[in-house]
Participant: 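Here it is: the structure, laid out below.
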Amino acid sequence: MEKLSENALRILQERYLLKGKDGSFQESPEEMFRRVAHAIAKAETKWGGEEESKSWEASFFEMMSNLYFLPNSPTLMNAGTGRGQLSACFVLPVEDSLEGIFETLKQAALVHQNGGGTGFNFSRLRPAGDRLNTYGGFASGPISFIKLYDFATEQVKQGGRRRGANMGILNVNHPDILEFIKLRVNGKPLQNFNLSVGITDDFMEAVLLDKEWDLMHPNSGRAIRTVGARLIWEEILNNAWESGNPGLIFLDTINRSNPIIQLGKIQATNPCGEVPLMDYESCNLGSINLSKFVKEKELDWGLLSETVHKAVRFLDNVIEVNNYPSSNIEQATKGNRKIGLGVMGWAEMLIQLETPYDSEEAEDMAKNIMKFIQEESFLASSKLAEERGNFDNWNKSVYYPDQKMRNATRTSIAPTGTISILANTSSSIEPLFGLAFQRRKVLNGQNLTSINDFFIKKLKEKGLFFQEILDLISIDGSCLKIKELPDKFKSVFKTALEIDPKWHLKHQIAFQQFTENAVSKTVNLPSSAGLEDISEIYKLAWEWKAKGITVFRNDTGREQVLYKGIKE
Ligand code: ADP
């Protein structure tokens, strides 16, 4: 078992390890990994004997405890405890009826209670002010129900471990779109929602050509108002500049690669955007820690392939042993059996290979690695289909009839916000945020500080390990101004805000090209960035076939989680 970092231990103790009523720990981190491995390997007994189950249990334990692969937080927290679901991602329908709205709110509360996040598209709701049929009066519209969902989320703490997360989507042709766009900036901002505008190709074309744009009534499909497409676009930019919200999700791009389009179009994603899902579908994620796969400055492809195959099996098993919050969710999830295998530690892998993040070499490497993971996970899932059968809706999917497949999708790049701390590596495909940085208020309001281990290691390797250098990076987390360090060295340690936003996007696209689901990525912008910069990134994201896009402008005075430097 790999030694865990101090930050990892603190997080595990605070939120993951099982505790008795008196607050005493009932397991060690090693026992936690054993609990999870045992619970997930149990699924094997459905097809094989106890022997097989035991052997997979050992293999899953090794993969997690070596920090090669970790499943999403709910699996670590809940597997083997007899309570709670194991998936992080859900999409629920919002029907245009009071009953539907409150039924979904109930299901969302149950999902949040156990550590999952929910995404909703509110576009089926009639606009505010619309007349109601049965009892007369006027509809309060999607905005008011988003606020209601936000308030409810606030009240349901997830077993004291994390507050729920939501994605709220409104399509760009909904009559209430302009109010929606301002929702994170106006008045009391929403605490528990990411917002995205559901964008279509024809809207983007209308923006480029400066055309008029129809806002349609969701029930009749008739245009009830017409505004300039650019007016909507500019409102989006203004608010994204100020608050990072709304982001965009590109519905046509998503549906062009929807593997079971026969079942209908996908309209929403989970909270961080990496999994587009149909109503009631859930998806469980897991991430491979790439920083562990560099041996002697070379990538260990054999070990990577082996880990991908095990991880796919692990995630398919999760679907089998999961406790579903409702039968609707169970049915939809088992129908398609989507899983989302992704990566973390990408930046730390590049550092070990001494490749700058903002280089074509890194972009090519991103494509090669993700292509490999995609191909191997495809093989792993089709092998599983031979053993266990195809997913139920297979005969309506793009794989029918030639390709056996156990899981309708296999890959997804999640943010790995917490599991990357557990694995002590850089999150997802993000560059290092700072060489020294703070995560504020993550543990009961406390801060976690980190100095990057690879930075220290490389300083030592090059004979440059001096206290003065550590003091300097402690101030602002950056090494670019330190004269004693060679340029080549510095280029490898550029941090998120020192990397041009286009390079952020290029990495997102490179990974997206080989990912069936989506990529969660924050394009960091300096505080000096203007509306034009956001406009360019948003347009390029659409042109380059991203499935969604989010930007974050640094130091805007709003609450943020990550801060460069570790001096208070
Ligand atoms: P982790 O590292 O904890 O496994 P990620 O940061 O990779 O999680 O997020 C993956 C997904 O988990 C998100 O897209 C979202 O669907 C869900 N999620 C993340 N944070 C929360 C939260 N605080 N509450 C509910 N769901 C969450």
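Remember, it's 1-based here, ligands and their atoms both numbered in the order they're listed. Here the structure is a predicted model, which means the values were calculated and not measured. One-based numbering along the sequence shown.
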Participant: Quick one: which ligand 1 atoms are inside 4.0 Å of a heavy atom on Asn72?
Facilitator: 4 (O)
Participant: Say whether Thr495 and Glu498, considering side chains only, have a donor N or O and an acceptor N or O under 3.5 Å apart.
Facilitator: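 Yes, a side-chain donor-acceptor pair sits under 3.5 Å.
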Participant: Answer with side chain, backbone, both or neither: which part of Glu274 has a heavy atom less than 4.0 angstrom from an atom of ligand 1?
Facilitator: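 The side chain, only.
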Participant: Please say which of Phe120, Phe193, Phe102 ends up in a ring-ring contact (aromatic ring centres under 6.0 Å, His included) with Tyr149.
Facilitator: Phe120
Participant: Checking the N or O distance criterion of under 3.5 Å, is ligand 1 in contact with Pro71?
Facilitator: no
Participant: Counting only heavy atoms not in Lys265, do more than 12 sit closer than 6.0 Å to its NZ atom?
Facilitator: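 Atom NZ in Lys265 is not packed in, count stays at 12 or less.
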Participant: Between Glu57 and Lys42, does at least one N-O distance fall below 4.0 Å, as a salt bridge requires?
Facilitator: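 Result for this pair is no, no salt bridge flagged.
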Participant: Any side-chain donor paired with an acceptor under 3.5 Å for Thr333 and Ser282?
Facilitator: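 On atom types as modelled, these side chains qualify, holding a pair under 3.5 Å.
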Participant: Report yes if some N/O of Asn270 lies less than 3.5 Å from some N/O of ligand 1; otherwise report no.
Facilitator: yes
Participant: Verify the neighbour count for atom NZ of Lys367: are there more than 12 heavy atoms of other residues, nucleotides or ligands below 6.0 Å?
Facilitator: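 Enclosed.
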Participant: Is there at least one pair of N or O atoms, one from Ser73 and one from ligand 1, spaced under 3.5 Å apart?
Facilitator: yes
Participant: Could Arg410 and Asp316 be called an ion pair, given the rule that one side-chain N must be under 4.0 Å from one carboxylate O?
Facilitator: no
Participant: Taking only heavy atoms of Gly117, which atoms of ligand 1 are found under 4.0 Å from at least one of them?
Facilitator: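 Result: 25 (C), 26 (N).
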Participant: Is the closest N or O pair between Leu285 and ligand 1 shorter than 3.5 Å?
Facilitator: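 For ligand 1, there is no N or O atom that lies under 3.5 Å from one belonging to Leu285.
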Participant: Report, in ascending order of atom number, the atoms of ligand 1 lying under 4.0 Å from any heavy atom of Gly116.
Facilitator: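 Those of ligand 1 that fall under 4.0 Å from Gly116 are 25 (C), 26 (N).
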Participant: Check whether any N or O atom of Gly417, backbone or side chain, sits under 3.5 Å from an N or O atom of ligand 1, and answer yes or no.
Facilitator: yes
Participant: Which residue pairs pass the side chain to side chain donor-acceptor pair (under 3.5 Å) test when at least one of the two sits in residues 78-89, sequence neighbours left out?
Facilitator: Asn78-Arg161, Ser87-Asn322
Participant: Do any nitrogen or oxygen atoms of Ala414 come within less than 3.5 Å of a nitrogen or oxygen of ligand 1?
Facilitator: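 N/O-N/O distance under 3.5 Å: no.
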Participant: Report the residues that fulfil ring pair (Phe, Tyr, Trp, His ring centres under 6.0 Å) with Phe293, sequence neighbours left out, ordered by chain and then residue number.
Facilitator: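 Here the qualifying residues are Tyr68.
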Participant: If you measure every N or O of Ile419 against every N or O of ligand 1, does any of those distances drop under 3.5 Å?
Facilitator: yes
Participant: Does Cys89, backbone or side chain, put an N or O under 3.5 Å from an N or O of ligand 1?
Facilitator: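 No.
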Participant: Just go through Thr416, Val111, Val91 and tell me whose heavy atom is the nearest to atom 5 (P) of ligand 1.
Facilitator: Thr416
Participant: Can you list the ligand 1 atoms lying under 4.0 Å from a non-hydrogen atom of Ala165?
Facilitator: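 With Ala165 as reference, the close atoms of ligand 1 come out as 21 (C), 22 (C), 24 (N), 25 (C), 26 (N), 27 (C).
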